[in-house]
Amino acid sequence: MMSGRELGESPFYKPRKMASFLWSGVAFFLYAEMALVLLLCLPILKPATWQRIFNSRFVVAMRAGAMTSFFVICLLLVVLFVESIRGMRQYGDSSVVRSSQLDSEIHRMKNMFRSQRNFYITGFALFLMVVIWRLLKMTHQHAVLEEQKDKKE
């Protein structure tokens with residue numbers, strides 16, 4: 001019997017671990033989005049402070065590539081979302097289980113659970129991308145209107 005090295009596989013390439021690392025990254029991204037939404041929704045900072053943040057050199061420098069980065073991240077999340085749907089369809093086919101096939105049925109259910117988990121993680125991450133985009137626009141508009149109001153007074 002041939003081992004993985006004899007077949008030309010790299011000892012560093014582990015498909016399951018790479019996929020796990022990818023989905024862990026998506027989950028971390030989702031947690032970061034949740035924290036950002038919480039920060040934007042809570043009235044911690046005043047509109048004038050948000051305006052200073054939006055006009056800072058760092059944020060102004062990042063604006064040039066922000067839309068491109070936003071769409072690249074969205075595209076990556078959409079690809080992962082479609083991949084999770086593919087996994088759910090692949091493992092969603094349930095057939096009659098015999099006692100001799102119990103091990104394979106448990107394996108199928110485990111993969112189905114992972115696919116469903118990945119579906120929800122990427123779905124919520126995509127949804128929060130849209131929510132964050134809208135919250136940032138509304139916060140910026142509110143800060144501009146507050147600044148204009150203060151200038152008139």
I'd like to know if [Y] and [X] are part of one continuous hydrophobic network [Ile/Leu/Val/Met/Phe/Trp/Tyr, side-chain heavy atoms within less than 4.5 Å].
| X | Y | result |
| --- | --- | --- |
| M34 | L40 | yes |
| F70 | I53 | yes |
| V26 | L75 | no |
| F28 | L39 | no |

* To do: Take V78 and L126 through the side chain to side chain contact (heavy atoms under 4.5 Å, CB included) test and state the conclusion after the steps.
  => CA-CA 8 Å; V78 166; L126 277 168; 4.0 Å; yes
Between [Y] and [X], is there a side-chain heavy-atom distance shorter than 4.5 Å?
| X | Y | answer |
| --- | --- | --- |
| I121 | R117 | yes |
| T49 | I44 | no |
| I73 | F29 | yes |

Rounded distance (nearest 0.5 Å) linking atom [atom1] of [X] with atom [atom2] of [Y]:
| X | Y | atom1 | atom2 | result |
| --- | --- | --- | --- | --- |
| L128 | L135 | CG | CG | 9.5 Å |
| K137 | I132 | NZ | CD1 | 15.0 Å |
| M67 | W133 | CE | CH2 | 5.5 Å |
| F124 | F81 | CZ | CZ | 10.0 Å |
| M129 | L36 | CE | CG | 10.5 Å |
| Y120 | F127 | OH | CZ | 15.0 Å |

Between [X] and [Y], what is the shortest heavy-atom contact and its length?
| X | Y | value |
| --- | --- | --- |
| S84 | W23 | CB-CH2, 4.4 Å |
| L77 | T122 | O-CB, 4.3 Å |
| L30 | A125 | CD1-N, 3.6 Å |

* Side-chain donor or acceptor of T139 paired with backbone N/O of L136 under 3.5 Å -> no
* Does atom NZ of K46 have more than 12 heavy-atom neighbours from other groups under 6.0 Å away? -> no
* Verify the neighbour count for atom CZ of F113: are there more than 12 heavy atoms of other residues, nucleotides or ligands below 6.0 Å? => no
* To do: Walk me through it: do L22 and L80 pass the test side chain to side chain contact (heavy atoms under 4.5 Å, CB included)?
  => CA-CA 9 Å; L22 179 68; L80 292 172; 3.5 Å; yes
* Non-neighbouring partners of M112 that pass side chain to side chain contact (heavy atoms under 4.5 Å, CB included), sequence neighbours left out -> M88, Y91, Q116
